[in-house]
Amino acid sequence: MINSNPNGMLSTAAASSANTAVQPPGLKTYFKTPEGRYKLHYEKTHPSGLLHYAHGKTVTQVTLAHLKDKPAPSTPTASSSSFSTSSGVRSAAARLLGGSNGSRALSFVGGNGGSKINGSNSRIGSLGSSSSSNSMGNSNFDGKGSYLVFNVGDAIFISDLNSQDKDPIKSIHFSNSNPVCHAFDQDAKDGHDLIIGLISGDVYSVSLRQQLQDVGKKVVGAQHYNKDGSVNNSRCTCIAWVPGGDGTFVVAHADGNLYVYEKGKDGANDSSFPFVKDPMQFSIAHARYSKSNPLARWHICQGSINSIAFSTDGAYLATVGRDGYLRVFDYCKEQLVCGGKSYYGALLCCAWSMDGKYILTGGEDDLVQVWSMEDRKVVAWGEGHNSWVSGVFFDSYWSSPNSEGTGETVMYRFGSVGQDTQLLLWDLEMDEIVVPLRRPPGGSPTYSTGSQSAHWDSACPVGNLQPAPSTRDVPKISPVVAHRVHTEPLSGLIFTQESVLTVCREGHIKIWMRPGVVESQSNNSETLSSTSLKEKPLFSSKVGSSSYKL
């Protein structure tokens, strides 16, 4: 499951064949698509010696963070009574430094082995930050670039996307609680741009830029929310910034509750909320006092909320959970708009199309479900996975051949990954999908070919959740590509302008370059200086244009 920012771009020249990792038997270093070959460029992973114990307690998530050229303003380093601003990546790096009252002891261990300790009687214990041999120091960090933040076991790792080194440039370890989810805000107005949720329920906001500037040298400040589970002590499951929310973010938990926070408010001013009367029903409670944080509690479902996703404009929030339901909310009006049940089992992931017309979901029924916001129903099922679907995402950088010059998207490309270790790519062209038609006013039911169920006759009433549809009633689509990319079950994927990133639950990341990108980078690298390579993207147009077709 990946809540991601797709704006980062690779700007390095192509890796030589010697730099491409040798694949295990049965795994190929490329896969073919209608537009050409995607090639394995390089891999990212964690130094196994830095892990304190087995990975199994958490599933790796990845956030892509693109730091802008202009550094964010910073404030003095945090002390026991204040926090320095931080700009962060979507990872548990935020667990740095304790609450503002100094009651938590957190030890930050730099690369030289020194440490600073604030407060006492910490339940979570010490936090250590170390860096690998290729880590950047203050003098070398230019305040910009694209970075991968990912969690493995008790640690958060930060890796330079533009570097072909496998090892991360920084690692942060937690002694008694594991990071499980993170999110990055590229448009943050101050330094804090990375939020991190932990198994303990604790939440932190930090600065990615400041983390990178201070590697191994000093304590990096963080704002602490839900300290020691004071508001909710159940596991954080997913976390997201509200688009255009000016520092507002939401955190979902394993008990079916979602909380709305404001990063500008003191995390120590915890809110108290009334007891949830009916765990089966959606309900919202607001904090009594204006200074309280979180601002509100949304009780969404009984059981875990497994994934959340905002539409691009921030108008709608989609959630999927243990009970198998997709729910779509009008975020500003705080109303349940529509939703529906999976064919079978829990839903594990969800994602919006860039235009807000479609929502993808995947889960334990091995299906990729395409939900239409216009029709408020499932309009297609993707069949191709042999196990649970753990990640779905639209490819916003791909454009179909028949959409050029029309100004309207007529075909979508999206990807999915699953516990079957496969990456699947799909093309969704609604004009070619046989969809059951609605009942005309005053007439008899009318269906297109293949529909035999009356429950598709009318649109779903606003606020109601649909039952699971019959297999006969939903059109099926097949993937254009099915490729086994890892030996371990997959947990997510990210599309960038020049590549597709896949990640397995054990913390190994692979970067697959789009057709034509590697060759173009190799040619351009002969005429571009190292400075221009570092500061200027090689491509400005979306991948999928004619220049990338093979």
**Q** V503 versus H508: any side-chain heavy-atom pair under 4.5 Å?
**A**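 Result no, sub-4.5 Å side-chain heavy-atom pair not found.
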
**Q** Say you draw a straight line from OH of Y325 to CD of Q466; how long is it, rounded to the nearest 0.5 Å?
**A**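 Between atom OH of Y325 and atom CD of Q466 there are 10.0 Å.
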
**Q** Of all the heavy-atom pairs spanning A351 and V392, show the shortest one and how long it is.
**A**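 Smallest heavy-atom distance, with atoms named: CB-O, 3.5 Å.
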
**Q** If you round to the nearest 0.5 Å, how far is CG of N233 from OG of S200?
**A**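 These two atoms lie 9.5 Å from each other.
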
**Q** Rounded to the nearest 0.5 Å, how far does SG of C349 lie from CD of Q369?
**A**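 That separation rounds to 10.5 Å.
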
**Q** Output yes when a side-chain donor or acceptor of N226 lies under 3.5 Å from a complementary backbone atom of S230, and no otherwise.
**A**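 The answer is yes, because a donor-acceptor pair under 3.5 Å joins these two groups.
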
**Q** Is any side-chain heavy atom of I494 closer than 4.5 Å to a side-chain heavy atom of F393?
**A**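 No, their side chains stay 4.5 Å or more apart.
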
**Q** Begin from the C-alpha positions of N232 and S234 and carry the test side-chain hydrogen bond (donor to acceptor under 3.5 Å, both in side chains) through to its verdict.
**A** CA-CA 6 Å; N232 189 313; S234 67; 2.6 Å; yes

**Q** Counting only N and O atoms by type, is there a donor-acceptor contact under 3.5 Å from the side chain of T312 to the main-chain atoms of M354?
**A**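 Yes, the answer is positive, given that a donor and an acceptor are paired below the 3.5 Å cut-off.
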
**Q** For the backbone of E506 and the side chain of H46, can you confirm whether one donor and one acceptor N or O come within less than 3.5 Å of each other?
**A**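 Answer holds: yes.
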
**Q** Going by the rule ring pair (Phe, Tyr, Trp, His ring centres under 6.0 Å), which residues pair with W381 if we only count those two or more places apart in sequence or in a different chain?
**A**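 Here the qualifying residues are Y343.
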
**Q** Looking at side-chain heavy atoms only, is the closest gap between T58 and V152 below 4.5 Å?
**A**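 Not touching, per the 4.5 Å side-chain cut-off.
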
**Q** Please tell me if the side chains of L360 and W371 come closer than 4.5 Å, counting only heavy atoms from C-beta onward.
**A**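 When only atoms from C-beta onward are counted, W371 and L360 do not touch, as no gap falls below 4.5 Å.
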
**Q** Does the side chain to side chain contact (heavy atoms under 4.5 Å, CB included) test come out yes or no for S491 and V417, once each step is laid out?
**A** CA-CA 7 Å; S491 57; V417 294; over 6 Å; no

**Q** What distance separates L317 CG from D330 CG, expressed to the nearest 0.5 Å?
**A**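 Answer rounded to 0.5 Å: 10.5 Å.
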
**Q** For T502 and I509, what are the C-alpha separation, side-chain angles and deciding distance, and is it a side chain to side chain contact (heavy atoms under 4.5 Å, CB included)?
**A** CA-CA 6 Å; T502 57; I509 304 165; over 6 Å; no

**Q** Is any side-chain heavy atom of T361 less than 4.5 Å from a side-chain heavy atom of L367?
**A**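 Side-chain contact under 4.5 Å: no.
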
**Q** Let's go through D202 and Y225 carefully: what are the C-alpha distance in whole Å and the side-chain angles of both, what is the deciding distance for side-chain hydrogen bond (donor to acceptor under 3.5 Å, both in side chains) to 0.1 Å, and is it a yes or a no?
**A** CA-CA 6 Å; D202 293 71; Y225 312 90; over 6 Å; no

**Q** Taking side chain as C-beta onward, heavy atoms only, is W298 less than 4.5 Å from Y331?
**A**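 Of all side-chain heavy-atom pairs linking Y331 with W298, at least one is under 4.5 Å.
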
**Q** Ignoring hydrogens and angles, state whether a donor on the side chain of S283 or H299 is under 3.5 Å from an acceptor on the partner side chain.
**A**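 Their side chains do not contain a donor-acceptor pair, so the 3.5 Å distance test is not met.
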
**Q** Hey, could you give me the CH2/CG distance between W398 and L425, rounded to the nearest 0.5 Å?
**A**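 If we round to the nearest 0.5 Å, W398:CH2 and L425:CG are 10.0 Å apart.
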
**Q** Could you go through the side chain to side chain contact (heavy atoms under 4.5 Å, CB included) check for V260 and T248 one step at a time?
**A** CA-CA 7 Å; V260 181; T248 304; 3.6 Å; yes

**Q** Which heavy atom in A468 sits nearest to a heavy atom in K341, and how many Å separate them?
**A**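 Answer, listing the atom of A468 first, then K341: N-CB, 3.5 Å.
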
**Q** With F329 as reference, evaluate F310, F282, Y316 under the ring pair (Phe, Tyr, Trp, His ring centres under 6.0 Å) test and give the passing residue.
**A**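 Of all the options given, the one that passes is F282.
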
**Q** May I ask you to check whether H253 and Y259 place their ring centres under 6.0 Å from each other?
**A**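 Yes, they do, as the ring centres are separated by less than 6.0 Å.
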
**Q** Hey, is the main chain of P274 close enough, under 3.5 Å, to the side chain of R297 for a donor-acceptor pair?
**A**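 Confirmed, R297 side chain pairs with P274 backbone.
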
**Q** Please check: side-chain N/O of T60 versus main-chain N/O of R505, any donor-acceptor pairing under 3.5 Å?
**A**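 Checked: pair present.
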
**Q** Apply side chain to side chain contact (heavy atoms under 4.5 Å, CB included) to the pair I477 and V368, showing each step before the final yes or no.
**A** CA-CA 9 Å; I477 59 176; V368 178; over 6 Å; no

**Q** Between atom CD1 of I239 and atom SG of C181, what is the distance when rounded to the nearest 0.5 Å?
**A**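 Between I239 CD1 and C181 SG, I get 5.0 Å after rounding to 0.5 Å.
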
**Q** Counting distance only, does the side-chain N/O of N306 pair as donor-acceptor with the main-chain N or O of L347 below 3.5 Å?
**A**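 Present.
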
**Q** Hey, does the side chain of S292 reach the backbone of L295 with a donor-acceptor pair shorter than 3.5 angstrom?
**A**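 Pair absent, no side-chain N/O of S292 close to backbone of L295.
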
**Q** Mind listing the closest non-hydrogen atom pair of Q223 and K265 along with its distance?
**A**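 In this case the closest contact between Q223 and K265 is NE2-O, 3.8 Å.
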
**Q** Checking the side chain of D313 only, and the main-chain atoms of A315 only, is there a donor and an acceptor separated by less than 3.5 Å?
**A**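 It does hold such a pair.
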
**Q** Of all heavy-atom pairs between T237 and S304, which one has the smallest distance, and what is that distance?
**A**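 Taking T237 first and S304 second, the nearest heavy atoms are CG2-OG, 3.6 Å.
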
**Q** Provide the closest heavy-atom pair for I308 versus A240 in the form atom of the first, atom of the second, distance.
**A**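 That would be CD1-CB, 3.9 Å.
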
**Q** In plain terms, say whether R322 and E364 are close enough for a salt bridge, that is, a side-chain N and a carboxylate O under 4.0 Å apart.
**A**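 Salt bridge present between R322 and E364.
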
**Q** Within the distance-only criterion (no hydrogens, no angle test), does the side chain of Q61 pair as donor or acceptor with the backbone N or O of V180 below 3.5 angstrom?
**A**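 Checking the backbone N and O of V180 against the side chain of Q61, a donor-acceptor pair under 3.5 Å is found.
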
**Q** Going by the angle between their ring planes, with limits at 30° and 60°, are W426 and H385 parallel, tilted or perpendicular?
**A**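 Rings of W426 and H385: tilted, as their planes differ by 30° to 60°.
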
**Q** Any chance the rings of W241 and Y261 have centres within less than 6.0 Å?
**A**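 Between Y261 and W241, which both carry aromatic rings, the centre distance is not below 6.0 Å.
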
**Q** If you look at every heavy atom in C236 and V203, which pair is closest and at what distance?
**A**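 For C236 and V203, the tightest heavy-atom pair comes out as SG-CG2, 3.9 Å.
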
**Q** For Y358, check ring pair (Phe, Tyr, Trp, His ring centres under 6.0 Å) against everything at least two apart and list the hits.
**A**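 Only Y412 meet the ring pair (Phe, Tyr, Trp, His ring centres under 6.0 Å) criterion with Y358.
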
**Q** Strictly by modelled atom types, are Q210 and H192 linked by a side-chain donor-acceptor pair under 3.5 Å?
**A**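 Looking only at side-chain atoms, H192 and Q210 do not form any donor-acceptor pair under 3.5 Å.
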
**Q** Is a donor from one side chain sitting under 3.5 angstrom from an acceptor on the other, for N151 and N178?
**A**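 No pair is found: no donor N or O on one side chain lies under 3.5 Å from an acceptor on the other.
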
**Q** Quick one: are W352 and V328 in side-chain contact, heavy atoms under 4.5 Å?
**A**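 Of all side-chain heavy-atom pairs linking V328 with W352, at least one is under 4.5 Å.
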
**Q** May I ask you to test the K357-M373 pair for a side-chain heavy-atom distance under 4.5 Å?
**A**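 Not touching, per the 4.5 Å side-chain cut-off.
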
